[in-house]
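Quick notes on the structure that follows.
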Amino acid sequence: MEPIIEVKVENSILDYFLNLQIPTSFDFPDNPCTKNGKQTLNIIELIDSNLILHLKKNYFIPSINKIKGNYGFKNINVDWVHHIVYNSQGKQLVHNHEYYEDFGFILYLNDCPDGQTIFYTFPKPTISTPSKGKLVIFKSYLHHE
């Protein structure tokens, strides 16, 4: 069982997030984990509920079942989504999500061949290079940056 699953989302999902209008009231520029970038507060209420259902059915639940060893999960809650925009040399400091959720996900909205997300897996780190449309689903206890 891998603690990380990478899948490619369909273009319509990618287009949806690329065109999502995020009001400035959702800005949260002083997040302690985000350096040289901006991270919103929770924007789950801005996302169409049918899209969330589609993501859960076609991406999240199948991936989580693979991570958990095909336990047969049929439903999950998606409670938190934020959007992060990085400036040059922008990054996230090392953190995890274990106190807030069981699984996390990252959807890359563009390519960044000189960037990477590092997951501190044992015995060696797992590196994910941002690629437009790649969805990374991971166990929340994994420290990453």
When rounded to the nearest 0.5 Å, the distance separating CG of Asp15 from CG of Leu20 is 12.5 Å
Could you pull out all residues at least two apart from Asn75 that satisfy side-chain hydrogen bond (donor to acceptor under 3.5 Å, both in side chains)?
Lys56
Between Val136 and Ile61, is there shared hydrophobic-cluster membership here, with clusters defined by ILVMFWY side-chain heavy atoms closer than 4.5 Å?
no
Using side-chain contact (heavy atoms from CB on, under 4.5 Å) as the criterion, point out the one residue from Thr40, Leu55, Ile47 that pairs with Val81.
Ile47
Single-linkage hydrophobic cluster, 4.5 Å side-chain cutoff, Ile22 and Trp80 together:
no
Which heavy-atom pair separates Ser128 from Glu6 by the least distance, and what is that distance?
OG-OE2, 2.9 Å
Looking only at heavy atoms, the pair that brings Gly115 and Pro130 closest together is O-CD, 3.3 Å
Taking the side chain as everything from C-beta on, heavy atoms only, tell me whether Glu145 gets closer than 4.5 Å to Leu93.
no
How many angstroms lie between atom CG of Asp111 and atom OG of Ser131, to the nearest 0.5 angstrom?
5.0 Å
Between the CG atom in Leu109 and the CG atom in Leu18, the distance rounded to the nearest 0.5 Å is 5.0 Å
Identify the two heavy atoms, one from His95 and one from Cys33, that lie closest to each other, and give their separation to 0.1 Å.
CB-SG, 3.9 Å
Using the rule given for side chain to side chain contact (heavy atoms under 4.5 Å, CB included), can you reason through Ile67 versus Ile137, listing the C-alpha separation, both sets of side-chain angles and the distance that settles it, and then say yes or no?
CA-CA 9 Å; Ile67 291 171; Ile137 301 159; 4.3 Å; yes
Give, for atom CZ of Phe105 and atom OG of Ser63, the distance between the pair rounded to the nearest 0.5 Å.
11.5 Å
Where His143 and Asn96 come nearest, the two heavy atoms and their spacing
CE1-ND2, 3.1 Å
Is there a side chain to side chain contact (heavy atoms under 4.5 Å, CB included) between Leu142 and Ile4? Walk through the geometry before answering.
CA-CA 9 Å; Leu142 286 175; Ile4 302 167; 3.6 Å; yes
Residues in side-chain contact (heavy atoms from CB on, under 4.5 Å) with Asn58, at least two apart?
His54
Taking all atoms of both residues into account, what is the closest heavy-atom pair of Asp79 and Asn42, and its distance?
O-ND2, 2.9 Å
Using the rule that two of Ile, Leu, Val, Met, Phe, Trp, Tyr join whenever any of their side-chain heavy atoms come within less than 4.5 Å, decide whether Leu107 and Val85 are in one cluster.
no
Count the heavy atoms of every other residue, nucleotide or ligand shown that sit under 6.0 Å from NZ of Lys35, and state whether that count exceeds 12.
yes
Side chain Asn36, main chain Asn87, donor-acceptor under 3.5 Å
no
Which residue pairs satisfy the ring pair (Phe, Tyr, Trp, His ring centres under 6.0 Å) criterion with at least one member in residues 111-135, sequence neighbours excluded?
Phe119-Phe138, Phe119-His144
CG-OH distance between Asn110 and Tyr86, expressed to the nearest 0.5 angstrom
11.0 Å
Residue set satisfying side-chain hydrogen bond (donor to acceptor under 3.5 Å, both in side chains) with Thr121, at least two apart, ordered chain then number -> Thr126
Go through it in stages, so that I can follow the logic: the residues are Tyr108 and Thr129, the test is side chain to side chain contact (heavy atoms under 4.5 Å, CB included), and I'd like the CA-CA distance, side-chain angles, deciding distance and then a yes or no.
CA-CA 9 Å; Tyr108 298 112; Thr129 301; over 6 Å; no
Under a 3.5 Å cutoff, is there a donor and acceptor pairing between the side chains of Glu10 and Tyr59?
yes
Those residues that, when tested against Lys139, pass salt bridge (charged side-chain N to carboxylate O under 4.0 Å, His left out) (two or more places apart):
none
Say whether Ile76 and Ile52 are linked into one hydrophobic cluster, either directly or through other cluster members, by side-chain heavy-atom distances under 4.5 angstrom.
yes
Audit row: Leu135, Ile106, side chain to side chain contact (heavy atoms under 4.5 Å, CB included) steps and yes/no:
CA-CA 6 Å; Leu135 177 66; Ile106 300 168; over 6 Å; no
Could you list the residues that satisfy side-chain contact (heavy atoms from CB on, under 4.5 Å) with Asp48, not counting sequence neighbours?
Tyr16, Asn50, Leu51
For the residue pair Leu46 and Gln21, what are the closest heavy atoms and their distance?
CD1-O, 4.2 Å
Indicate whether any N or O donor in one side chain lies under 3.5 Å from an N or O acceptor in the other, for Gln92 and Thr34.
yes
With clusters defined by side-chain heavy atoms of hydrophobic residues (ILVMFWY) lying less than 4.5 Å apart, directly or transitively, does Phe103 cluster with Ile44?
yes
